[in-house]
Colleague: 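Take a look at the following structure, please.
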Amino acid sequence: MADQVTVTLPDGSQKSIRRGTTIHEFVKSQIGPGLAKAAVVARLNGQEMDLARPLLEDGKLEILTDRNPEALEVIRHDAAHIVASVVQRLFPGTQVTIGPAIEDGFYYDFAKETPFTPEDLERIEAEANKEIQKDLPFVREEVSADEAIALFEKLGEKYKVEIVKDIVARGAKTLTLYRHGDWVDFCLGPHGPSTGKVGVIKLLSSSGAYWRGDSRNAMLQRIYGTAFFDKKALNEYLKRLEEAKKRDHRRLGKELELFQFHPAAPGAAFWLPRGTAIYTVLSNWMRKLTAENGYQEVKTPLMFSKLLWEQSGHWGKYKENMFLVWDSEGNEHNFSLKPMNCPSHHLMYGFKKRSYRDLPLRFSTFDPLHRNEATGSLGGLTRVRQFSQDDAHIYAMESQITEEAKRFVQLLDRVYNAVGLKYAVKFSTRPVQRLGSDEMWDRAEAALKGALDALGLQAEHKPGEGAFYGPKLDFDVSDSIGRKWQLGTFQVDYLAPSPDRFDLTYVGEDNAEHRPVVIHRAIYGSFERFIAILIEHFAGAFPVWLAPVQATIVTVADRHLDYARAMRDRLRARGFRVELDERNMTLNARIREAQIHKIPFTLVVGDREVADKGVSPRRYGGEDLKFMSAEAFEELLAKEAALP
RNA sequence: GCCGGUGUAGCUCAGUCGGUAGAGCACUCGCCUUGUAAGCGAAAGGUCGCGGGUUCGACUCCCGCCGCCGGCCCCA
C-alpha cells in the first residue's frame, strides 16, 4: 500500500506502519515504550537521524540508546549546543562558530573579546547542567539558504553567516536549524530528543583557537568539555584521566631519573644515566635490525653551508625552522644546524658513480637534528628542538618501491610488536600542489598500495595529504591520554634526485643513466618521541632487556656487602645493568625503593645466599622467586635481557 | 609565534590583610644490623623563576622577560 512503509529491524523482523509516522511513535507503538524512552537517536538505512523524523520510505531501522557509543557522541554534540546557549546568555555579544563532538567530549569555539576565566567555566558548567534539568526538546527545522542567512544576520552571527554561505556554495540544498528553548544554531544534526538525555556536562579547559585553524585568522575562545549519560561514567572517565597522568612520561622521567630539561636549553633533553641506558639499548637494537636488513650506517656533518639548503630547497621552505649560526660579533655565517639528514645523504650518494647493481642503497643514521620549533609547541619529549631519528634513505629503482615498502613495514611491525605498541597506518596520496606527472603519481601510489595489500594491512586513506614530492605511509601511536603521535614514516621522493636538486643518477643495465627514487623512512620516528611513548606504554616498568637497571642487590646486613659487591661486579662483567644499594636503611626500605623505581629484579642476599652461593630474587610487583644459585639467576637474566 | 594558566628547599606542596618563609620525603651525620613496600634521632638546606616599578617595607600589588602546563598552528 502506498501509504504504508515497511521497517526492517536489526533482528530481521519487519513491521509496516502509516507513512509519516515519526520514528519515536513507531518505536513506542511497535516495539515498546521502554525502548522509546531509552532511545537517543535512530539509524535509518545507515544514516543517523532524530527520533522525531517521520518514516517516509521502507528501510532498516536501528535504535541507539545509552549503550551505543554513537549515542554518546550525539549527546556530546547536544552538550555543545547547551554550553553555547548558556555562554550567549551569560556573555551577551559573544558570537558562536562551531562546536563538534570529539573523542572523549566536545568543544565549542566562540568569538569573544576576552578569554574565559576558570571561574567563568564553573559558572557556565553549573548553568549548563541546569539546562539539562529543564529537559528542553531539540527541534529540527529545515530552511532555505536565504532564510538562514537572514536569521543569522539579524542575530549578528557573522561566523554563522559565513558558514552557511560556504555550505550553500558547496551545493547544499536543505539547511537545518536546531533549537532548544529560545536558542538556535545552524547544525546538520542529529540531536537527541531533549536536553534531559544529556546526563551530565563537565567543562575541562579553555584555550585560544584560530578561526578555521589558520593562524592568519582571528583567535577564538575554545571551551573543551565532555558529557556522559550519568555521573558514574563521568567519574570513571575523570579517574582514568588521573591514572593516565601517573603514566605521563614527563612525570615518570623525573621519578625514574631518566631525563631532565633545563631552561638553559629549552626543548633539548639532558639524558640522565638511566635514560641514556634505554637510548643505548634502542639504538643498538635498531643497528642490529637495520644491518640485518641491508642498511649501512653513516655519519654526516651537523652543520652545513647555506649552499646545501638552497640546493635542497630548505632555504626557501624551511628556513624559519632552522638554527642559523652566528659569531660572537653578531655576524650571520652562511651555516646552519641540520634539521634533516636527507641532503647530506644525497651528497654522499653522489660521491661516486652508482650502478643499478648498487640499488637499493640504504644509508641509515642516528645523527642529532635541530629544528627551531615554536616555543608554544614544545612539550616533554614528544615535541623537542633537538632529537635523533632512526633515519634512513633508500635509493632505489622505481620498480623496487613495493618491495622496499614491504620490507620496511615488516620490520616496523616486528619492532612495534616486540614492545607491544598498537599502531594505525595512514596512506597519504597526491596533494593539489604537487610535482611530477599524474602517471608518476599513479605508479608511486600503486607501489605503496601494492605493499599494503600484499601484507594485508588496513590503512586509512588520506587523499591530498601526501608530500608535494611523493606519497607516503605514516604510522601513528597514542600516548597515555589518547593523543596521537606520528612515529614511523615511509615517504617516496621523486624530487630530490631531479636535476634541479641533487641530480642523482645510476647507470642501468642498458648502460644509460637513470634517476633513482629516494625513500625517507624511520621506524622509531625519533628516539625522543619513541621513548616517551614507551615510558607511558610500560608505565615505567620496562621489560628486562630495556630496563635501565635490570637488577638491584640488597643485603640483609652489612656483613653481606663483600659478597654482594662481588655478585654485582660479576653480573656487570657479563654485561648486565646491576646496582647494589649500600645505603644505611632497613631491608624493607631498600626493597620499597627498588619497587618504586620499577626495577625488574631485586636480589636479596643474606646468610643463606652467602653460604650457598646464590640469590633470592624478587620480581617487580612482588613475586618471590625463592632462593636460586648464582648461575641459575644469570641464566634467567640472560634470557630475559636478550634483545627481542 | 598566538590564547590562557602557572613558577616557593633536590622532589611534592603549605604560606591569611604587604611586615624579608614552613611541612613531609630525599641528601648529610649518629644510633640500629635488619629476611621481601617506609626503624629512630640530629643537623643542614631557599636571591620565593629573572629584571624593573609602586611602597617606609614586596613571596604577596603592577609591568616586562624566561621556563613549564593545557590548547591553536606546525610536526619525528
Side-chain angles (χ1 to χ4, degrees), chain A residues 107 109 112 114-118 120-121 204-224 245 248 250-251 254-255 257 260-267 318 320-321 339-341 369 371-385 387-391 474-477 481 483 485-489 491 520-530 532-533 554-561 583-596 602-609 616-627:
Chain A
Y107 69 78
D109 284 348
K112 179 173 176 289
T114 53
F116 294 104
T117 64
D120 291 341
L121 291 191
L204 299 167
S205 63
S206 63
S207 74
Y210 300 111
W211 168 236
R212 303 214 148 146
D214 190 328
S215 59
R216 289 166 300 189
N217 288 341
M219 177 148 295
L220 307 173
Q221 302 303 329
R222 174 172 298 182
I223 291 179
Y224 280 95
K245 273 189 195 158
D248 189 313
R250 289 165 296 195
R251 178 188 172 127
K254 194 181 275 181
E255 286 174 7
E257 297 180 48
Q260 208 162 312
F261 287 89
H262 189 277
Y318 207 74
E320 294 284 290
N321 283 302
M340 297 178 189
N341 292 306
L369 304 175
R371 297 184 188 173
N372 194 2
E373 302 290 350
T375 50
S377 70
L378 300 176
L381 284 178
T382 44
R383 195 63 192 280
V384 288
R385 282 184 172 148
F387 59 98
S388 295
Q389 300 179 323
D390 61 318
D391 206 2
D474 287 319
F475 300 81
D476 287 357
V477 173
I481 58 171
R483 287 184 294 205
W485 295 98
Q486 186 194 313
L487 300 181
T489 190
Q491 307 188 9
H520 309 250
R521 44 108 292 160
I523 291 175
Y524 296 155
S526 72
F527 283 83
E528 284 70 11
R529 191 173 281 179
F530 194 71
I533 294 287
V554 293
T555 53
V556 174
D558 288 351
R559 64 178 176 277
H560 310 119
L561 276 173
R583 288 177 297 175
N584 183 16
M585 300 194 296
T586 57
L587 178 67
N588 276 349
R590 281 171 292 152
I591 286 172
R592 177 169 187 270
E593 195 78 5
Q595 294 296 308
I596 287 171
T602 304
L603 309 179
V604 177
V605 301
D607 290 339
R608 158 114 204 259
E609 289 73 20
S616 292
R618 170 200 165 106
R619 278 189 193 273
Y620 169 69
E623 189 195 352
D624 186 353
L625 298 182
K626 309 291 182 197
F627 176 87

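Every chain is numbered from 1, with letters handed out A, B, ... down the list of sequences.
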Colleague: For atom P, what is the distance between C63(B) and C3(B), given to the nearest Å?
Modeller: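 Straight-line distance between the two P atoms is 15 Å.
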Colleague: Rounded to whole angstrom, note down the P distance from G24(B) over to A43(B).
Modeller: 12 Å
Colleague: Considering only atom C1', compute the distance from U54(B) to G15(B) and round it to an integer number of Å.
Modeller: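 Nearest-Å result for U54(B) against G15(B) at atom C1': 23 Å.
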Colleague: Could you tell me whether the side chain of R529(A) and the main chain of L487(A) form a donor-acceptor pair under 3.5 Å?
Modeller: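 Between the backbone of L487(A) and the side chain of R529(A) there is no qualifying donor-acceptor contact (under 3.5 Å).
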Colleague: Which nucleotide of RNA chain B is the first, and which the last, in the 5' to 3' direction, to come under 4.0 Å of a heavy atom belonging to chain A?
Modeller: G1(B) to A76(B)
Colleague: Specify the residue among R608(A) and R222(A) whose closest nucleotide of RNA chain B lies further upstream toward the 5′ end.
Modeller: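 Whichever sits nearer the 5' end wins; that is R608(A).
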Colleague: Between G267(A) and R583(A), which has a closest nucleotide on RNA chain B that is more 5'?
Modeller: R583(A)
Colleague: Is a donor from one side chain sitting under 3.5 angstrom from an acceptor on the other, for Q221(A) and S206(A)?
Modeller: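 Not at all, the side chains of Q221(A) and S206(A) share no donor-acceptor pair under 3.5 Å.
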Colleague: Salt bridge or not for D624(A) and R618(A), using N-O below 4.0 Å?
Modeller: no
Colleague: Now, which nucleotide makes the Watson-Crick or G-U wobble pair with C72(B), with each of the two distances under 3.5 Å?
Modeller: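 Matched C72(B) with G1(B) under the 3.5 Å cut-off.
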Colleague: For R590(A) and T555(A), indicate whether the former's side chain and the latter's backbone hold a donor-acceptor pair under 3.5 Å.
Modeller: yes
Colleague: C1' atom, G7(B) versus C74(B): distance in rounded Å?
Modeller: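 Here G7(B) and C74(B) have their C1' atoms 27 Å from each other.
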Colleague: If the C1' atom of A26(B) is compared with that of C13(B), how far apart are they to the nearest Å?
Modeller: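 One C1' to the other, the span is 15 Å.
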Colleague: Using the P atom as the reference point in each nucleotide, state the distance between U8(B) and U60(B) in Å, no decimals.
Modeller: 14 Å
Colleague: For atom C1', what is the distance between A14(B) and A23(B), given to the nearest Å?
Modeller: 7 Å
Colleague: For D391(A), which contact category applies under a 4.0 Å heavy-atom criterion: base, sugar-phosphate, or nothing?
Modeller: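 D391(A): no heavy atom of the nucleic acid under 4.0 Å.
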Colleague: Measure from the side-chain N and O atoms of E528(A) to the backbone N and O of T382(A), and report whether any donor-acceptor pair falls under 3.5 Å.
Modeller: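 No, E528(A) side chain to T382(A) backbone: no donor-acceptor pair under 3.5 Å.
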Colleague: Can you tell me, in whole Å, how much space there is between the C1' of G19(B) and that of C32(B)?
Modeller: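 Comparing C1' positions in G19(B) and C32(B) gives a spacing of 46 Å.
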Colleague: Return the set of residues passing salt bridge (Lys or Arg N to Asp or Glu O under 4.0 Å) with D476(A) (not counting sequence neighbours), or none when no residue passes.
Modeller: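 With sequence neighbours excluded, D476(A) shows a salt bridge (Lys or Arg N to Asp or Glu O under 4.0 Å) to K426(A), given in chain and number order.
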Colleague: Could you tell me whether D214(A) and R212(A) have a side-chain N and a carboxylate O separated by less than 4.0 Å?
Modeller: no
